[in-house]
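A short write-up of the structure that comes next.
The figures here come from the full heavy-atom set of this structure, side chains too, leaving out hydrogens, waters and symmetry mates.
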Amino acid sequence: MRVQSSATTASRIAVATEREQPGLGTLQAALGVITFSLTFPATAWGLEGFGPWSLVAVRSVLAAVIAGGALLALRVPLPARRHWPGLAVVAAGVVLGFPLLTTLALETSTTAHAAVVVGLLPLTTALLSALRVGARPSRTFWAASLVGAAAVLAFTVQQSGGALSTADLYLFAALLVCAAGYTEGGRLARVMPGWHVIGWALVLCLPLTVPVAVFALAQEPVRLTAHSVAGLLWVAAGSQFLGLVVWYRGMAAIGIPKASQLQLAQPLLTLVWSVLLLGEHLPVAAPLTAVAVLVCIAVTQRARG
């Protein structure tokens with residue numbers, strides 16, 4: 001009992017320290033965005049050797065093993081019962097829903113197109129956080145957010161010719177479930193360390209992801225290559241765990257709405273990785289969108305909620 005009390009006190013001190021360092025929080029959220037920007041290219045690499053269901057299930061299991069090992073080694077106590085519903089939302093949105101929906105989309109969509117569609121995630125997250133945790137950013141914040149989202153949406157429509165594909169539907173669904181997971185995770189990260197949030201969410205999914213991984217690997221062909229293995233390891237250790245650790249810490253320090261706006265840069269970073277790692281063609285409109293998005297980021301970071 002005394003050990004658990006000490007661990008809880010240490011967790012509260014860690015959370016308080018994170019929230020008192022907004023500059024560090026911004027840096028951590030930015031590192032999360034950079035990590036996430038490599039997710040789609042890494043997923044495309046992973047799909048060269050794994051089926052979509054195998055890739056999603058195995059990445060989740062591997063990430064859970066890393067997270068569970070850390071939780072066990074540091075003797076982190078189980079979260080309070082009142083936090084488990086929120087962790088279930090994080091698990092459903094961030095651990096399962098977003099990876100599966102975006103992986104299915106990337107079977108027929110380019111990473112560049114998927115990246116700009118998911119560029120609407122910051123606005124979606126800000127809207128859900130306003131509904132869920134009562135965040136009330138300023139009008140300037142909302143105006144800049146809407147302009148940034150409009151720029152991303154215009155880019156998407158221009159690239160797709162105005163027609164929505166099945167991949168786009170997967171991506172829009174991914175936006176909703178991921179925004180819910182980010183919002184709930186950001187809320188929980190204010191009362192427990194960010195890595196505990198994603199760690200327990202990953203462990204919570206193990207009873208589902210382990211049997212799915214075994215079944216999918218038996219049904220879908222597997223071809224191990226340097227690309228497929230590197231892609232799997234990145235989405236498991238980077239995107240699914242380490243990136244979310246710093247991301248949730250950043251959200252706890254600077255707030256969900258402001259942290260979410262840093263993600264406006266994510267699709268543009270992904271475009272760069274898509275060209276460098278996958279050899280995809282960089283759309284002409286990308287530089288213009290980059291300027292608009294970066295201006296919006298600067299405005300939202302200065303706006304006071």
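- In this structure, Leu72 stands alone, with no Ile, Leu, Val, Met, Phe, Trp or Tyr side-chain heavy atom under 4.5 Å from its own, directly or through other members.
- Residues Thr124 and Leu176 have side chains in contact (heavy-atom distance under 4.5 Å, counting atoms from C-beta outward).
- How far CG of Leu202 is from CZ of Arg59: 9.5 Å, rounded to the nearest 0.5 Å.
- For the atom pair CZ (Phe40) and NE2 (His113), the distance works out to 10.5 Å, reported to the nearest 0.5 Å.
- Residues Thr39 and Trp234 approach most closely at N-NE1, 4.3 Å, considering heavy atoms.
- Shortest non-hydrogen contact noted between Val61 and Leu206 is CA-CD2, 4.3 Å.
- In this structure, Val94 and Glu184 have side chains that are not in contact, with every pair of non-hydrogen atoms separated by 4.5 Å or more.
- Taking the side-chain hydrogen bond (donor to acceptor under 3.5 Å, both in side chains) definition, one finds that Ser37 meets it with Trp273, sequence neighbours left out.
- Remark: His227 pairs with Trp45 by the ring pair (Phe, Tyr, Trp, His ring centres under 6.0 Å) rule, at least two apart or across chains.
- Looking only at side-chain heavy atoms (C-beta outward), Val299 and Thr140 come within less than 4.5 Å of each other.
- When all heavy atoms of Leu128 and Ala180 are compared, the pair lying nearest together is CD1-N, 3.5 Å.
- Ala252 and Ala189 get closest at one heavy-atom pair: CB-O, 3.2 Å.
- Hydrophobic clustering (side-chain heavy atoms under 4.5 Å, transitive across Ile, Leu, Val, Met, Phe, Trp, Tyr) keeps Leu232 apart from Val56.
- Pro52 and Leu104 get closest at one heavy-atom pair: CB-CD2, 4.0 Å.
- Residues Cys205 and Leu96 have side chains in contact (heavy-atom distance under 4.5 Å, counting atoms from C-beta outward).
- In this structure, Leu188 is a member of the same hydrophobic cluster as Leu244, with clusters built from ILVMFWY side-chain heavy atoms closer than 4.5 Å.
- Put simply, the side chain of Val295 does not reach to within 4.5 Å of the side chain of Val147, judged on heavy atoms.
- Under a 3.5 Å cut-off, the side chain of Ser145 and the backbone N or O of Phe141 do form a donor-acceptor pair.
- Side-chain contact between Pro99 and Val235 is absent, with no heavy atoms from C-beta onward closer than 4.5 Å.
- Under a hydrophobic-cluster definition in which Ile, Leu, Val, Met, Phe, Trp and Tyr are linked whenever side-chain heavy atoms come within less than 4.5 Å, directly or via other members, Val222 and Val229 are assigned to the same cluster.
- In this structure, OG in Ser54 is found 10.0 Å from CZ in Phe215, a value given to the nearest 0.5 Å.
- Of the inter-residue distances, the one linking Trp195 atom CH2 with Leu242 atom CG reads 11.5 Å to the nearest 0.5 angstrom.
- In this structure, a donor-acceptor pair under 3.5 Å is absent between the side chains of Glu48 and Ser228.
- For the residue pair Ala88 and Leu204, the shortest heavy atom distance occurs at CA-CD2, 3.8 Å.
- Ring geometry, Phe36 versus Tyr182: the interplanar angle falls under 30°, so the pair is classed parallel (tilted spans 30 to 60°).
- Of the inter-residue distances, the one linking Glu280 atom CD with Thr270 atom OG1 reads 10.5 Å to the nearest 0.5 angstrom.
- With a 4.5 Å cut-off on side-chain heavy atoms, Leu121 and Cys178 count as touching.
- Side-chain contact between Thr103 and Tyr170 is absent, with no heavy-atom pair separated by less than 4.5 Å.
- The CG atom of Leu38 sits 9.5 Å away from atom OG of Ser274, with the distance rounded to the nearest 0.5 Å.
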Check against side-chain hydrogen bond (donor to acceptor under 3.5 Å, both in side chains), Gln240 and Ser60: CA-CA 7 Å; Gln240 196 81 76; Ser60 180; 5.1 Å; no
